[in-house]
Amino acid sequence: ELNHPEEVLILENGLIALNYKGELFSLSAESILDIPNQNFSESVALGVAEALLIDNSGTFAAPPVNYPFNIDLSPADVSVSEIKFLSGSLTMSMTRQQDEGVTGSVMVLELVDENGISPSFDFMGTTAVGTAEEISVDLTGYKLNPLMDFSNQITLNAAMVFTNNNMNTAVAGDFLTLEMSFSGLTFDHIIGDFGNLTISADTDSINVDLFQNIQGGSFALTNAIFDLTVTNSFGFPSNIELGQVVSVNENTGVETPLILDDIMLNGQEEIGGLPEVGVFNFDNDNSNVTSLFDPAPLLVVFDIIAESNPDGPPPPDDLNFITSESSFDVAIDLILPLEGYALNVLVTDTIPASVSFDTYEEIDSIEFKIQMENTFPLDIAFQALILDENDIVIDSLFSENATIMESALVDSDGNVTSPSSAVNFILLKDDRVTNIQNMTSVKFRSIFNSPGTDNQDVIRIKETQKVDIKLGVKIFGNIEL
């Protein structure tokens with residue numbers, strides 16, 4: 001969540017602009033695609049003829065057999081033509097069910113090392129009946145090439161030789177169990193058809209604290225610009241849906257949607273290449289972006305969803321890919337030039353305040369003199385409420401909300417041409433003096449209006465504009481000597 005503007009900008013025309021920027025969300029490769037642990041098991045059975053052959057001749061060399069298995073991926077509808085492993089292990093095990101001699105070798109036909117050679121797991125049958133004989137290999141750098149058209153199928157090839165144990169009689173049925181286990185798998189890259197993956201992240205937001213203390217009225221910005229910068233190192237095209245961008249005024253509950261066109265991305269071109277970077281600009285010319293700030297919001301909420309391969313499956317010669325370093329990052333740069341109009345914008349704030357008159361024996365009255373010069377294009381109606389230790393209003397500086405600062409004069413374009421000035425005297429007598437002595441805090445209430453608000457005339461806040469305030473106090477009474 002971005003709570004405060006990163007900086008205040010001065011635009012070329014002198015306008016002040018607030019700049020909110022930061023990362024909305026970031027997704028890593030592991031959050032998109034995962035290879036869970038894989039466990040496969042196959043029972044090898046012999047018929048009556050094979051069992052008799054072992055007992056009579058002493059040896060039976062079974063012809064090689066292929067056992068198909070399907071690799072499990074998350075999400076399940078991803079079709080893979082190549083996985084290069086960054087880490088992980090493959091464990092093969094053989095468990096004899098009968099007390100006959102068994103030797104042989106197994107391999108995964110689609111698995112090759114960095115030299116393109118399939119590893120062979122050679123079993124000697126030296127463990128006891130019912131106890132697994134295990135052989136493991138580190139898969140770092142290995143490649144697995146499943147059959148995409150057969151649901152990510154791989155093949156376990158087994159060539160076994162059975163020999164007679166004179167102390168045992170071979171019988172037809174289960175003879176041994178072969179097990180294959182992939183564990184701790186991480187990928188360097190995966191190539192295939194990833195289908196319509198949904199890429200999403202937790203909802204993020206920008207807290208526009210320009211409006212934090214606004215309690216009522218409306219403040220409309222007539223210009224707003226924001227850029228979305230998408231850095232995409234996934235190797236597939238995707239469509240980013242921006243239909244879930246809304247502003248929320250938490251004071252009123254009003255929600256305002258932002259209508260934006262979807263963003264199309266092509267994806268990184270090749271493994272090891274440069275990521276795709278797209279900067280997408282939204283302003284008054286191509287969107288209703290200013291509607292987010294009318295009425296004044298406190299929160300702009302982004303719920304961005306992307307979908308891979310929006311136009312259908314990739315061609316066979318240009319499959320999707322993802323690497324261990326792939327990421328999907330969305331950053332925002334929001335610029336709010338301070339130009340627009342204000343209608344009865346109520347801003348409140350409370351600050352601690354107290355005074356002491358210990359040197360005075362008796363106080364008859366207190367007179368405040370406030371001298372102001374205003375170069376902002378805003379009328380300001382002001383009230384200061386005096387609060388006691390229980391936050392109860394015990395007095396006010398003015399008898400009612402009073403316009404104590406008129407707007408500076410502006411031309412037809414909302415630019416200030418000359419300042420306004422005013423002098424205000426406030427006299428406090430009798431019980432009101434006592435109220436000041438019991439003051440522990442002051443609640444300020446200001447109502448802002450721009451000239452010509454009824455006609456939505458635009459004003460512009462610029463770097464050179466300011467309010468100069470000089471405060472003087474006269475105390476009338478008897479001083480204790």
Side-chain angles (χ1 to χ4, degrees), residues 209-219 250-252 296 298 342-409 416 418-451 453 459 461 464-481:
D209 58 4
L210 164 67
F211 309 109
Q212 192 66 45
N213 294 322
I214 291 180
Q215 305 297 313
S218 66
F219 188 100
E250 293 181 344
N251 293 326
T252 63
L298 296 180
L343 176 62
N344 295 326
V345 173
L346 171 62
V347 176
T348 65
D349 198 8
T350 302
I351 63 170
S354 62
V355 294
S356 174
F357 302 110
D358 292 342
T359 60
Y360 289 86
E361 181 179 347
E362 182 180 347
I363 299 175
D364 296 326
S365 62
I366 302 173
E367 183 181 66
F368 290 92
K369 178 182 179 181
I370 303 175
Q371 182 174 329
M372 296 156 291
E373 184 177 88
N374 181 20
T375 58
F376 280 104
L378 291 167
D379 296 328
I380 303 176
F382 179 78
Q383 180 61 282
L385 302 176
I386 310 302
L387 308 181
D388 65 12
E389 61 183 3
N390 297 313
D391 290 333
I392 296 174
V393 177
I394 55 177
D395 208 332
S396 61
L397 194 60
F398 298 97
S399 58
E400 59 183 22
N401 285 347
T403 301
I404 63 171
M405 280 191 290
E406 291 187 351
S407 164
L409 298 179
V416 171
S418 61
S420 66
S421 60
V423 177
N424 290 268
F425 293 92
I426 303 99
L427 183 64
L428 305 181
K429 300 174 63 177
D430 302 326
D431 290 343
R432 300 190 72 191
V433 174
T434 302
N435 291 337
I436 292 294
Q437 290 177 302
N438 295 327
M439 173 179 67
T440 60
S441 60
V442 178
K443 183 175 184 178
F444 295 101
R445 293 167 51 92
S446 301
I447 297 177
F448 296 88
N449 282 281
S450 53
T453 298
I459 60 168
I461 309 297
T464 56
Q465 295 167 358
K466 60 182 179 178
V467 176
D468 285 329
I469 301 177
K470 296 178 181 180
L471 176 65
V473 180
K474 286 183 179 181
I475 301 175
F476 300 93
N478 297 320
I479 299 177
E480 183 179 343
L481 300 177

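For the atom pair E389 CD and D391 CG, the distance stands at 9.5 Å (nearest 0.5 Å).
Every residue meeting the side chain to side chain contact (heavy atoms under 4.5 Å, CB included) condition with T350, not counting sequence neighbours, appears here in chain and number order: L387, S441, K443. Legend: residues meeting side chain to side chain contact (heavy atoms under 4.5 Å, CB included) with E367, ordered by chain and number and at least two apart, are F425, L427, K474, F476. Residues meeting the side-chain hydrogen bond (donor to acceptor under 3.5 Å, both in side chains) test with D364, sequence neighbours left out: none. Under the rule for a side chain to side chain contact (heavy atoms under 4.5 Å, CB included), the partners of V416 that lie at least two apart in sequence or sit in another chain are P377, A408, V410, Q465. Remark: D430 engages no residue in a side chain to side chain contact (heavy atoms under 4.5 Å, CB included) (not counting sequence neighbours). Applying the side-chain hydrogen bond (donor to acceptor under 3.5 Å, both in side chains) test to D395 and every residue at least two apart in sequence or in another chain returns R432, N435.
Contact check for S450 versus L378: side-chain heavy atoms found under the 4.5 Å cut-off.
Using modelled atom types, one side-chain atom of T440 and one backbone atom of D388 make a donor-acceptor pair closer than 3.5 Å. A donor-acceptor pair is defined here as one N or O able to donate and one able to accept, closer than 3.5 Å; no such pair exists between the side chain of S396 and the backbone of L385. Under the 3.5 Å distance criterion, the side-chain polar atoms of S420 are matched with a main-chain donor or acceptor of E406.
Within a 6.0 Å radius of CG in N390, other residues, nucleotides and ligands contribute more than 12 heavy atoms.
Across all non-hydrogen atoms, the minimal contact from N449 to N344 is OD1-N, 2.7 Å.
Among I386, I436, I363, T434, the single residue meeting the side chain to side chain contact (heavy atoms under 4.5 Å, CB included) criterion with L428 is I436.
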